[in-house]
Amino acid sequence: MSNVKILDKEFELFIPYEKIRSVIETMAEKMNEDLKGKNPLFLCVLNGSFMFAAEIFKRITLLDAEISFVKLASYTGTNTTGQVKELIGLNESLENRTVVVLEDIVDTGITIDNTIKQIEAKNPAQVQVATLLLKPDALVKEVELDYVGLEIPNDFIVGYGLDYDGRGRNLIDIFKVVE
Ligand code: IMP
Ligand code: MG
């Protein structure tokens, strides 16, 4: 596929959909093993994770698996570690549940760290994290990631749910910026 132009930036094909799909199939196989008998609640962190969540959840063959959708509201205040974003949209109790957070990408790790802390405050039995993508060189937080699809370099990417200023989420493949 040829390059795409989104707003002021040019992007080139980076991860074709076939590769994304096969990575997700592998992640789902492991989850199906790990989560047997646990009545897991998957939590899709919107917006970026919606495609990943759909793709992985339809491959979860455990008939007691549930899914819900949450969002991090734009910051409600600040503390010493920066912006504090509030987790909104959670209607079910997490008490004694096995929770699997579905993230599109872990970059600095600040977002997922903040998300995990808010989930843990609701007394789940266990919190696991699944991220489609990880930029290991960008990490500033120590976070435990149970399922990682692909490790990628520190380039800005779009597509497959990920956006550049709201655009590009509908691209089926993942593209990276041309510097
Ligand atoms: P973190 O808090 O730095 O780990 O960033 C996580 C969030 O930043 C992700 O959930 C994405 O929404 C966004 N993000 C990080 N890297 C990229 C990228 O390369 N493209 C698009 N969004 C990104
Ligand atoms: Mg996100």
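Starting from 1, each residue takes its place in the sequence as its number. Counting starts at 1 for both ligands and their atoms, in listed order.
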[X] heavy atom under 4.0 Å from ligand 1:
{"X": "Gly109", "result": "yes"}
{"X": "Ile105", "result": "yes"}
{"X": "Ile157", "result": "yes"}

[X] heavy atoms, cut-off 4.0 Å: which ligand 1 atoms fall inside?
{"X": "Thr108", "value": "1 (P), 2 (O), 3 (O), 4 (O)"}
{"X": "Leu162", "value": "21 (C), 22 (N)"}
{"X": "Lys135", "value": "16 (N), 17 (C), 18 (C), 19 (O)"}
{"X": "Asp163", "value": "21 (C)"}
{"X": "Asp155", "value": "19 (O)"}

Suppose we call two aromatic rings close when their centres sit under 6.0 Å apart. Are Tyr160 and Phe52 close by that rule?
no

Plane angle bin for Tyr164 and Phe11 - parallel if under 30°, tilted between 30 and 60°, otherwise perpendicular
tilted

Does a side-chain N-to-carboxylate-O contact under 4.0 Å join Arg97 and Glu92?
no

Between Asp163 and Arg167 (salt bridge meaning N to carboxylate O under 4.0 Å), is one present in this structure?
no

Within 6.0 angstrom of Lys19 NZ, more than 12 heavy atoms from elsewhere:
no

Crowding at CD, Glu142 (>12 non-hydrogen neighbours, <6.0 Å)
no

